[in-house]
Amino acid sequence: MPDLKDKDFECFKNEFIQLTYARIDKFYSLVFFNTNQMTGSVLNDFKEFYTMLPSDYFTQMQDFLVVHPNFFIKQGGMFQNSDIQKFFKKMTRYIENLKELSKEKWFKYSMVKIFSQDIKNYDQSYKDIEQARIKTVIKRQQSKLPVGDDDLDDDPDDFDKDKTIFGLELRQYEMNDQQIPIYLDLMVAYFENKQDKLIVEGIFRKQAAMFEEKLLAAAIAAKKITYLAKVEDPHIVACVFKQFFLKLAQPIIPYETYEYVIQKQISKEIDFEHDQELGVKIILAQLPALNFSVLGFTIGFLKHVTTFKDHNLMTSYNMAVVFGPSFFRSEVVSMKDMQFVKLFVALVQKMIERFEYFFQGVDYKNMIDKQQEVFMQSLYGFDGTDVGNMEDIDNIVEQFQQ
């Protein structure tokens, strides 16, 4: 960009508008490369230039990405009190390197070609993007999936290992089209596509290594479907599935319903223990619509697991022992709760055994995201150690070097 006082500046501004105006009819992201700059002066000049553009450039901007921000910029030295500075402060996100930029959902592989040589010399992470492209092509060839010119799949092992899927209110989770949390959807789809994992003895009862559970939870939080698909030990997936319910900020059966059941049982107004069918109906009638939907999805899946009980030894009772304490929890645990554990196990067992009666018309298989399921199916035949036909790979590498 020429200096604002340069005689060529007006020509630059007009050319900029001609090139970009037709592209801002929808929300857009603007990327500013601050590569190898020691101060924020160039960025401040750009923002001053931006005040001269039509109003559409402001109303349609979704975010402003500063790539390679220096210390001065990240400390906020570029923000002052003018309206334009306040606007950019609200819109700005910092991107440390090109690899991080490639994680933006709008990023296409062909964009690597427009990075200047100066940018590539400064930031070698563009090579990671090229490697990701090679892996994408190989994986899709092995899976017999089409490969587009810009397809760039995530590296299944590249994610924040400290992320988690636990601890939110049910309504706070991202949902699929059937109002099922995406994370539950992914784990159930795993078992749907690997039915042999459901015959493993003690599935959902036996424990897995805690560090493996944590790692998988982080991968699922990052929606690393390929990472999940590669998990060989089903106990890891089953344990994360259990932990999801155990660590909900508010249980799937809300605290107030839990207390209601205990009070009515103590007073004998309703005998949940001896009339479990009525008890379950009363409980389900009190659930919010979202809780009822997710519980029906889960109970339907658990009943499916029990159909393999001759192999996995997980009867409806054993499954209820595992999930009862997660579904029914007190906000403040006391010794009083211990005497009702058997009751809540019995109620969950009744839900599983009479699933079709209590959740009429619910089919958990139809509540899984179909596109996700098809994509996961395509991954299971791919062995990450199989590098495919070396001639094909050589051709791919050759194309990148040209």
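Being a predicted model, the structure only gives us computed values, none of them experimental. Along the sequence shown, residues are numbered consecutively beginning with 1.
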- Any donor-acceptor pair under 3.5 Å linking the side chain of Asp185 with the backbone of Asp369? yes
- Query: Going from CG on Asn366 to CD1 on Ile368, what distance comes out if it is rounded to the nearest 0.5 angstrom?
  - Reply: 8.5 Å
- Query: Okay, side chain of Arg329, backbone of Leu248: is any donor-acceptor separation there less than 3.5 Å?
  - Reply: yes
- Sub-4.5 Å side-chain heavy-atom contact between Val237 and Lys197: no
- Not counting sequence neighbours, which residues clear ring-ring contact (aromatic ring centres under 6.0 Å, His included) with Tyr255? List them please. none
- Does the ring centre of Phe12 sit less than 6.0 Å away from the ring centre of Phe49? yes
- Item | Stepwise side chain to side chain donor-acceptor pair (under 3.5 Å) test for Glu353 and Gln349 | CA-CA 6 Å; Glu353 290 176 348; Gln349 182 180 1; 3.0 Å; yes
- Query: How long is the gap from CG on Leu186 to CD1 on Ile180, to the nearest 0.5 Å?
  - Reply: 12.5 Å
- Message: Tell me whether Lys13 is salt-bridged to Glu10, with the criterion being a basic N under 4.0 Å from an acidic carboxylate O.
- Response: yes
- Task: Output the distance between atom CD1 (Ile17) and atom CE (Met52), rounded to the nearest 0.5 Å.
- Result: 10.5 Å
- Query: Just by distance, do the side chain of Tyr21 and the backbone of Asp56 share a donor-acceptor pair under 3.5 Å?
  - Reply: no
- side chain to side chain contact (heavy atoms under 4.5 Å, CB included) between Gln265 and Asp271, intermediate numbers included: CA-CA 6 Å; Gln265 184 65 34; Asp271 193 342; 3.3 Å; yes
- Item | Leu295 and Met351: CA distance, side-chain angles, deciding distance, side chain to side chain contact (heavy atoms under 4.5 Å, CB included) verdict | CA-CA 10 Å; Leu295 183 62; Met351 290 182 196; 4.2 Å; yes
- Item | Min side-chain heavy-atom separation Arg205-Val321 under 4.5 Å | no
- Go through the steps to decide whether Tyr317 and Val345 satisfy the test side chain to side chain contact (heavy atoms under 4.5 Å, CB included), and finish with yes or no. CA-CA 8 Å; Tyr317 172 75; Val345 168; 3.9 Å; yes
- Task: Output the distance between atom CZ (Phe328) and atom OG1 (Thr257), rounded to the nearest 0.5 Å.
- Result: 8.5 Å
- Message: Using side-chain heavy atoms (C-beta onward) and a distance below 4.5 Å, is Val261 in contact with Leu343?
- Response: yes
- Flag if over 12 foreign heavy atoms under 6.0 Å of CG, Asp177: no
- Message: If we ignore hydrogens and angles and just use 3.5 Å, is the side chain of Tyr173 paired with the main-chain N or O of Leu168 as donor and acceptor?
- Response: yes
- Item | Considering all heavy atoms, the nearest Tyr190-Val231 contact | OH-O, 2.8 Å
- State whether Phe115 and Lys120 meet the cation-pi test: NZ (Lys) or CZ (Arg) under 6.0 Å from the six-membered ring centroid, and within 45° of the perpendicular axis. no
- Task: Over 60° means perpendicular and under 30° means parallel, so classify the ring planes of Phe308 and His304, tilted if in between.
- Result: perpendicular
- Expected output: side-chain Thr315 to main-chain Asn318 donor-acceptor under 3.5 Å: yes
- Message: Looking only at the aromatic ring of each residue, does the gap between the centers of Phe344 and Tyr258 stay below 6.0 angstrom?
- Response: yes
- If you measure from CZ on Phe272 to NE2 on His274, what distance do you get to the nearest 0.5 Å? 14.0 Å
- Please tell me if the side chains of Asp151 and Arg133 come closer than 4.5 Å, counting only heavy atoms from C-beta onward. yes
- Are any of the side-chain heavy atoms of Asp337 and Ile262 separated by less than 4.5 Å? yes
- Query: Taking all atoms of both residues into account, what is the closest heavy-atom pair of Pro234 and Glu232, and its distance?
  - Reply: CD-O, 3.1 Å
- Under 3.5 Å, is there a donor-acceptor pair between the side chain of Asn34 and the main chain of Pro69? no
- Note on the structure: dist Ile282:CD1 -> Leu347:CG (nearest 0.5 Å) comes out at 10.5 Å
- salt bridge (Lys or Arg N to Asp or Glu O under 4.0 Å) contacts in which one or both residues fall within residues 279-304, not counting sequence neighbours: Lys303-Glu356
- Task: Give the intermediate values and the outcome of side chain to side chain contact (heavy atoms under 4.5 Å, CB included) for residues Ile253 and Asn291.
- Result: CA-CA 7 Å; Ile253 307 293; Asn291 294 54; over 6 Å; no
- Item | Pair Asp123-Ser125, side-chain donor/acceptor within less than 3.5 Å | yes
- Using a 4.5 Å cut-off on heavy atoms from C-beta on, say whether the side chain of Leu30 contacts that of Phe46. yes
- Task: Without swapping roles, check the side chain of Lys365 against the backbone of Gly300 for a donor-acceptor pair under 3.5 Å.
- Result: no
- Crowded around Phe9 CZ? As in, over 12 foreign heavy atoms under 6.0 Å? yes
- Message: Centre-to-centre under 6.0 Å for Phe204 and Phe241, is that the case here?
- Response: yes
- Item | Short side-chain to backbone donor-acceptor contact, Thr298 and Val294, under 3.5 Å | yes
- Query: If every non-hydrogen atom of Asp149 is compared with every non-hydrogen atom of Tyr109, which pair is closest and at what distance?
  - Reply: O-CD2, 4.1 Å
- Counting N and O atoms only, with roles assigned by atom type, does the side chain of Ser293 sit under 3.5 Å from a partner on the main chain of Leu290, one being a donor and the other an acceptor? no
- Message: Under a 3.5 Å cutoff, is there a donor and acceptor pairing between the side chains of Gln117 and Asn121?
- Response: yes
- Query: Taking the six-membered ring for Trp, is the centroid-to-centroid distance between Phe301 and Phe297 below 6.0 Å?
  - Reply: no
- Task: Kindly state whether the ring of Phe64 and the ring of Tyr50 have centres lying under 6.0 angstrom apart.
- Result: no
- Message: Using side-chain heavy atoms (C-beta onward) and a distance below 4.5 Å, is Leu170 in contact with Ile252?
- Response: yes
- Item | Note, Tyr126 side chain near Ile119 side chain (heavy atom, < 4.5 Å) | no
- Note on the structure: Closest heavy-atom pair, Ile73 versus Gly40, reported as atoms and distance to 0.1 Å, is CG1-CA, 4.1 Å
- Message: For a quick test of reading the model, state the closest non-hydrogen atom pair linking Ile24 to Gln60 and the distance between them.
- Response: O-CG, 3.2 Å
- Measure from the ring center of Tyr183 to the ring center of Phe244 and say whether it is less than 6.0 Å. no
- Message: Can you give me the closest heavy-atom contact between Val240 and Met187, atom names plus distance?
- Response: CG1-SD, 3.7 Å
